[in-house]
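Following: one structure in C-alpha cells, then a few remarks.
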Amino acid sequence: ITNPNTGIQHLPPLGRCWRTDLTQYTNALTDNRILFGKDGKGRPQLKVFYEEKKEFGSIDNSWFSSDRIGTTTVGTKEVMSIFDGNKFFDAPKPISLLKKIMYLANLKDDSLILDFFSGSATTAHAVMQLNAEDGGNRRFIMVQLPELTDEKSEAYKAGYKNICEIGKQRIRRAGAKIKSEHPDATNLDTGFRVFRVDSSNFADVRINPRMADQLTLDLDIYRDNIKPDRSGLDLISGSLLSWGVPLDEDIKSESIDGEELFIVSDGYLVALFGNKVTDAIMDRIVELEPRRILFRDATFSSDEEKINVYETLKQRLGWNENDAESNIRVL
C-alpha cells in the first residue's frame, strides 16, 4: 500500500497480509478512511465508526491511551522507585491506570475498594495517592494468595519469600513517600492491617469414648480450650467477626497489674486473655463503660470466680440479666 500523501510504500509484516483487497482499499482511501499516523509514516489503519462495529467486528474505542494512563514500563519504574531501584515485580500496573478506573467507577470520597488479585498492591498505592491529592478517605482491601517468589529472583534474594511480603512492604513505603510529598494532607491514613486465613482459635476437644483410660489425661490437656500458638490479637479478630464488628476498628492495649487489657474502638469492646482478673482491672473495665466484654476461660481459677466477676460487672455497669448474657462472653 502506498500513502498517496507521502509516497511511502507500506508492506505487510512477514507472514501476514492486508485485511482488505485493492478495491476495498481504494474505496476506503477515497473516502478518507485510511490513516497513516500523526506524521503520515505510521502503519496504515482503517477508520471505523461505532455504528459499523457489527460489520467490522471488535472496535478498540478505549480511552486508556498510554500517554494518559501509563504502561507496565511506567508501573515497573514506580515499583523500582519504592524499592531503591530493585525490580521485584514483573509488569505491574501503573498507578495512573488504577486512578483512572476509580474515576470512571464514580467512587465516593469514602468508598471501599476491593482488589482480589492485589499482586504488588498497586491498588492500595493508588488509593492512598488519590486520597492525598483530593482529601478523600477511601479505604482498600487487598487479597492475595501467598504465591512463592522464584528463588533466583531479586525479590527472593532480598528476603521477600512470597508476593504478599512485597505488597505489604510496598504499602508501607508508598505510604511514607506519599506523606512526605503531601505534608498538608494531615488526615491522610496510610495504616493497614494484615489478616491471614487460618483455622479456628479453639482446640479440637473431641474425645474418643473408646479410649476411656485416656479420659483424665485428655481433660487435663484441654483444660485451656485455646490453641497455644494464638495471640490476644488472634482472639480479638475472631471475636470481632462473630460479633459483626468491623476488623478495621481501633485496637489499643493497656498493661494493668501485669495483664494486657485490649480496648477496641475507645471502649466499645474490652477483652482480657491473661491469667487473672484483679480489682484494678475490674475498675478500669467499669470506667470504660463497654458495650461488650470478652474473657478467656482459662483466666478464671474456678467457676465461682467466673460467676463472681460476671455478677459484679452486671451490677456495677447497671445491666439487666439479658444485657449481661448478651454482652459478656467467655472464650
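Scope of the values below: all heavy atoms of this structure, side chains included, with no hydrogens, waters or symmetry mates.
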Would you indicate whether the side-chain heavy atoms of F116 and M142 approach each other to under 4.5 Å? no
What residue pairs, at least two apart or across chains, pass side chain to side chain donor-acceptor pair (under 3.5 Å) with a residue in residues 80-91? D84-R173
Please give the remaining members of the hydrophobic cluster of F295, linking ILVMFWY side chains under 4.5 Å, ordered by chain and number. I256, L261, I263, V270, L272, V277, I281, M282, I285, V286, L288, I293, F300, V309, Y310, L313, L317, W319, I328, V330
Is L112 reachable from L241 through a run of I, L, V, M, F, W or Y residues, each pair having side-chain heavy atoms under 4.5 Å apart? no
Taking S118 for its side chain and D115 for its backbone only, find out whether a donor-acceptor pair lies under 3.5 Å. no
Using a cut-off of 6.0 Å, state whether more than 12 heavy atoms not belonging to K168 lie near its atom NZ. yes
Could you go step by step and tell me if I113 and L107 meet the side-chain contact (heavy atoms from CB on, under 4.5 Å) rule? CA-CA 9 Å; I113 294 89; L107 298 180; 3.6 Å; yes
R329 charged N/C atom sitting above W243 aromatic ring, 6.0 Å / 45°: yes
Is any side-chain heavy atom of T123 less than 4.5 Å from a side-chain heavy atom of M102? no
State which residues pass salt bridge (Lys or Arg N to Asp or Glu O under 4.0 Å) with D279; sequence neighbours excluded, sorted by chain then number. none
Worked check of side-chain hydrogen bond (donor to acceptor under 3.5 Å, both in side chains) between D234 and S231: CA-CA 5 Å; D234 291 330; S231 67; 3.2 Å; yes
Taking CD in Q315 as the centre, count heavy atoms belonging to other residues, nucleotides or ligands within less than 6.0 Å. Is the count above 12? no
Given the rule in the side-chain contact (heavy atoms from CB on, under 4.5 Å) test, do T73 and K77 qualify, once you have shown the distances and angles that lead to the verdict? CA-CA 6 Å; T73 300; K77 291 180 179 179; 4.0 Å; yes
In this structure, are over 12 heavy atoms from other groups packed under 6.0 Å from K161 atom NZ? yes
Are any non-hydrogen side-chain atoms of V143 and I141 less than 4.5 angstrom apart? yes
Any chance you could lay out the side-chain contact (heavy atoms from CB on, under 4.5 Å) test for K93 and I101, step after step, and finish with the verdict? CA-CA 12 Å; K93 296 178 287 295; I101 292 174; over 6 Å; no
Qualifying residues under side chain to side chain donor-acceptor pair (under 3.5 Å), relative to T30, sequence neighbours excluded: none
Please determine whether a side-chain nitrogen of the Lys or Arg among E311 and K314 lies less than 4.0 Å from a carboxylate oxygen of the Asp or Glu. yes
Going by the rule side chain to side chain donor-acceptor pair (under 3.5 Å), which residues pair with K179 if we only count those two or more places apart in sequence or in a different chain? none
Verify, without hydrogens or angle tests, whether S153 (side chain) and T149 (backbone) share a donor-acceptor contact under 3.5 angstrom. no
Hey, does Y156 have a side-chain heavy atom less than 4.5 Å from the side chain of F88? no
With a sphere of 6.0 Å drawn around CG of N187, does it hold more than 12 non-hydrogen atoms of other residues, nucleotides or ligands? no
Suppose clustering is done on Ile, Leu, Val, Met, Phe, Trp and Tyr with side-chain heavy atoms closer than 4.5 Å. Which residues sit in the same group as V74? none
Which residues satisfy the ring-ring contact (aromatic ring centres under 6.0 Å, His included) test with F273, sequence neighbours excluded? F262
With no hydrogens and no angle check, just 3.5 Å: does a side-chain donor-acceptor pair link S326 and R292? no
Measure the OG-CZ distance between S237 and R196 for me, rounded to the nearest 0.5 Å. 11.5 Å
Rounded to the nearest 0.5 angstrom, the OG-CD1 distance for S265 and I251 is 9.5 Å
Please report the C-alpha distance between D297 and K306 in whole Å, then the side-chain angles of each, then the deciding distance to 0.1 Å, and finally whether the salt bridge (Lys or Arg N to Asp or Glu O under 4.0 Å) criterion is met. CA-CA 8 Å; D297 189 60; K306 186 189 306 183; 2.6 Å; yes
Sequence neighbours excluded, which residues qualify as salt bridge (Lys or Arg N to Asp or Glu O under 4.0 Å) partners of K276? E259
Please indicate whether L35 has more than 12 foreign heavy atoms, meaning atoms of other residues, nucleotides or ligands, lying under 6.0 Å from its CG. yes
Residue list, side chain to side chain donor-acceptor pair (under 3.5 Å) with S253, at least two apart or on another chain: E260
Flag, side chain of S96 to backbone of I69, donor-acceptor distance under 3.5 Å: yes
With sequence neighbours excluded, tell me which residues meet side chain to side chain donor-acceptor pair (under 3.5 Å) with S302. E304
Please report the shortest heavy-atom distance between A91 and T76, naming the atom on each side. N-OG1, 4.2 Å
Any V79 side-chain heavy atom under 4.5 Å of P92 side chain: yes
Could you list the residues that satisfy salt bridge (Lys or Arg N to Asp or Glu O under 4.0 Å) with R172, not counting sequence neighbours? none
Neighbour count >12 (heavy atoms, 6.0 Å) for atom CG, N275: no
Side chain to side chain donor-acceptor pair (under 3.5 Å) test vs H125 passes for just one of K99, R170, E78, namely R170
Considering only heavy atoms from C-beta outward, does the side chain of H182 approach that of Q129 to under 4.5 Å? yes
Can you find a side-chain donor-acceptor pair between Q169 and E165 that sits under 3.5 Å? no
Looking only at atom types and distance, does a side-chain atom of N327 sit under 3.5 Å from a main-chain N or O of D323, one as donor and one as acceptor? yes
Side-chain heavy atoms under 4.5 angstrom apart, residues restricted to Ile, Leu, Val, Met, Phe, Trp, Tyr: same cluster for L240 and L235? yes
For P94 against G70, the heavy-atom pair lying closest together: CG-C, 3.9 Å
Does the Q144 side chain pair with the main chain of G119, one donor and one acceptor, at a distance under 3.5 Å? yes
Hphob cluster co-occupancy, L247 + L233, side-chain heavy atoms under 4.5 angstrom: yes
Does the side chain of I171 come within less than 4.5 Å of M128's, by heavy atoms? yes
Electrostatic pair K108-D110, nearest N-O below 4.0 angstrom: no
Between I163 and F89, does a side-chain contact (heavy atoms from CB on, under 4.5 Å) hold up when you go through it step by step? CA-CA 9 Å; I163 292 178; F89 209 86; 3.8 Å; yes
L331 side chain reached by S239 side chain, heavy atoms, under 4.5 Å: yes
Taking salt bridge (Lys or Arg N to Asp or Glu O under 4.0 Å) as the definition, give me every residue that meets it alongside D134, ordered by chain and number, with sequence neighbours left out. R138
Please tell me whether F140 and L114 are part of a single hydrophobic cluster in this structure, the criterion being side-chain heavy atoms less than 4.5 Å apart. no
Answer yes or no: are there more than 12 heavy-atom neighbours, outside E321 itself, under 6.0 Å from its atom CD? yes
With salt bridge (Lys or Arg N to Asp or Glu O under 4.0 Å) as the criterion, how do D248 and R193 come out once you've worked through the C-alpha distance, each side chain's angles and the decisive distance to 0.1 Å? CA-CA 8 Å; D248 62 347; R193 286 188 182 139; over 6 Å; no
